[in-house]
Amino acid sequence: MSGLSHDIAAMVANHAAGDEDGFYAVALDVAHRELSEGRRNAATEIRKAIELARGETVELQTVEDEDLGVDIDSDLAEFIKVSRPDADFEELTISGDLIERVRQILEEHRSAALLRDFGFTPAHRLLMEGPAGTGKTATAEVLSAELGIPLVTVYLDNLLNVYSAEEDVPSLREVFDRLARRRAVYLFDVFDTIGDDTITGMTRRVFKAFLLFVDVLGKGSVAIAATNRRGVLDRSMFRHFDTVLNFSLPTSQEAMRVLRSQLGDRAPTPVMNEADVYEQYFEGLSQAELTLAARSAAKAAIMRNEAQVTQDDLIYALTNRGAFMLDDE
C-alpha cells in the first residue's frame, strides 16, 4: 500500500472509531510529508484546514528542515527544495561510462577517511551538462540516496528573482553559509543562469557567492551544478569543479534498456536485433521521454486486459513522443 493510500485508510479508520485526535494526527503527518517534498502550497492548505477545524495553531517543521538549518516554510521555499530521494543506483538509465564515473564518486566518498590520510578529498564539486531529461537530476537523487544525506535543490533562476538587488548580496551569502554547514547533496539547477560567460553585475556576484559556497562546503557534502546549455558557460569556471559529467541522448541499446527497465514484466518478448527494430523511433528522445513512452504503452496493454506490451504499443507510444518533441521545437 502506498504512503498516501495508507494515510487515507488510517484516517477513515480513525473517523469510524470516533478517534478525532488520531484522525488529525494522520492529517498532520501528510502535511509534514508534503512540506518535506517541496509541495509547500499543499502543506499550507492542509495545515490551515486542521487549524480551522481544531481552533488552534499548528506548526509544520520537518526533520530535513532541522538538519539543514533552513526554514523552507518561508521565502526560501521559492528557490529551495529539500527531499530525501528513494533512488536506486541499479535503476540509473545513463550511459555505461557515466555509470562507472558515478560509481567512482560514491566509492571515493565511502573511502573519504582513507583518502584524507593521504592528503586527498573525494570529488565533491561536480558539473553536470547535457540535454533536458538525460538523467542529471536522477543521478543527483542516486548520489543523495546512496550517501544517505538529503538532496537540496536550489533553483538559481528563482533565486535571482528573490535576490536581485545589490543590497541582497549579504543576505544571499548568509543563506549559502547556513546551507554549507550541513551535510547534503546540493543541486544547483539551471546553472547557466549564473555561469553564462556574458553575465555582469548582480548575477556575477551571485556566481562568486556560489564559488565561496563550494569552497566552504562541509565534509561529506556534494555540490552539483547542472545545465542544459554548456556552450554558454564561462570557460574559466571549469577549473572550480573536480569533474564534469557529460550527459547525452541514449544510444539505441541504452534506449532499449530504459524501456525494458520501465516496463519490467510487461516488456514484450525480446526479438533479434531488437534495438535496430526501434532505432528510427528513438531519434531525439531523452531518457525521460522514453520513460513516458513506456508508461503510455503499459497503460494501453492494461486497458486491453493484456499482460504484455506489444511491439505496436511501443512504436505508437514512441512515435507520439517524437511528434510531441517536433511540435515543441
Side-chain angles (χ1 to χ4, degrees), residues 38 64 67-70 72 76 79-85 87 94 98 101-112 115-116 120-130 135-160 163 169 172-196 199 203-230 233-247:
E64 288 85 349
D67 288 347
L68 291 164
V70 174
I72 62 171
L76 297 187
F79 64 88
I80 290 179
K81 174 187 174 184
V82 183
S83 61
R84 289 187 180 274
I94 55 179
L98 281 176
R101 295 183 68 187
V102 173
R103 193 190 309 276
Q104 172 69 21
I105 292 168
L106 289 170
E107 288 301 317
E108 288 186 17
H109 280 266
R110 290 163 182 156
S111 304
L115 291 176
R116 290 192 180 97
F120 296 100
T121 57
H124 62 284
R125 298 170 298 188
L126 315 179
L127 174 62
M128 295 183 179
E129 66 86 18
K136 297 184 293 295
T137 299
T139 300
E141 290 173 345
V142 165
L143 288 171
S144 169
E146 291 289 326
L147 296 175
I149 54 180
L151 174 64
V152 181
T153 303
V154 181
Y155 300 99
L156 289 169
D157 49 349
N158 292 343
L159 179 147
L160 284 176
Y163 296 94
V169 173
L172 175 61
R173 287 177 178 163
E174 180 183 348
V175 170
F176 279 178
D177 286 344
R178 288 165 59 195
L179 289 175
R181 291 194 294 267
R182 307 296 178 171
R183 187 167 177 250
V185 172
Y186 295 93
L187 174 61
F188 290 83
D189 199 22
V190 201
F191 186 68
D192 45 276
T193 303
I194 65 169
D196 190 324
I199 61 172
T203 307
R204 173 62 66 177
R205 292 179 178 85
V206 173
F207 176 60
K208 290 181 177 178
F210 165 79
L211 294 181
L212 286 173
F213 168 82
V214 171
D215 287 340
V216 301
L217 202 59
K219 290 181 181 179
S221 289
V222 178
I224 301 170
T227 178
N228 301 342
R229 305 166 63 226
R230 178 179 179 173
L233 297 182
D234 184 340
R235 307 303 296 179
S236 65
M237 53 161 277
F238 282 77
R239 69 175 183 271
H240 296 288
F241 296 95
D242 299 318
T243 189
V244 178
L245 301 177
N246 306 111
F247 292 75

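Quick caveat: nothing in here was measured; it's all calculated off a predicted structure.
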S.K.: Does either side chain, that of T243 or that of R101, offer a donor lying less than 3.5 Å from an acceptor on the other one?
M.R.: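 A donor-acceptor contact under 3.5 Å links the two side chains.
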
S.K.: Would you please say whether a donor-acceptor pair under 3.5 Å links the side chains of E129 and N228?
M.R.: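 Side-chain D/A pair, E129 to N228: absent.
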
S.K.: Can you give me the closest heavy-atom contact between G130 and K136, atom names plus distance?
M.R.: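 What the structure gives for the nearest pair is O-NZ, 2.9 Å.
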
S.K.: Say you draw a straight line from CD1 of I224 to CE of M128; how long is it, rounded to the nearest 0.5 Å?
M.R.: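 Result: 4.0 Å between the selected atoms.
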
S.K.: Name the residue from T137, V152, L126 that meets the side-chain contact (heavy atoms from CB on, under 4.5 Å) definition with L187.
M.R.: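 Checked T137, V152, L126 against L187; only one passes side-chain contact (heavy atoms from CB on, under 4.5 Å): T137.
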
S.K.: Taking the side chain as everything from C-beta on, heavy atoms only, tell me whether E108 gets closer than 4.5 Å to F120.
M.R.: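 No, every pair of side-chain atoms sits at 4.5 Å or beyond.
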
S.K.: Which side-chain N or O atoms in residues 141-151 pair as donor and acceptor under 3.5 Å with protein atoms at least two apart or in another chain?
M.R.:
residue, atom, partner, partner atom, Å
S144, OG, I149, O, 2.5
S144, OG, L151, N, 3.4
E146, OE1, R110, NH2, 2.7

S.K.: Has D189 got a side-chain atom pairing as donor or acceptor with V154's backbone, closer than 3.5 angstrom?
M.R.: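 Answer holds: no.
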
S.K.: Working to the nearest 0.5 angstrom, can you tell me the gap between L106 CG and Q104 CD?
M.R.: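 Atom-to-atom, L106:CG and Q104:CD are 9.5 Å apart.
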
S.K.: Is the shortest heavy-atom distance from the side chain of H109 to the side chain of V222 under 4.5 Å?
M.R.: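 A side-chain contact exists here, since the closest heavy-atom pair is under 4.5 Å.
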
S.K.: Show the numbers, then the answer: is there a side-chain contact (heavy atoms from CB on, under 4.5 Å) between F247 and I94?
M.R.: CA-CA 8 Å; F247 292 75; I94 55 179; 3.9 Å; yes

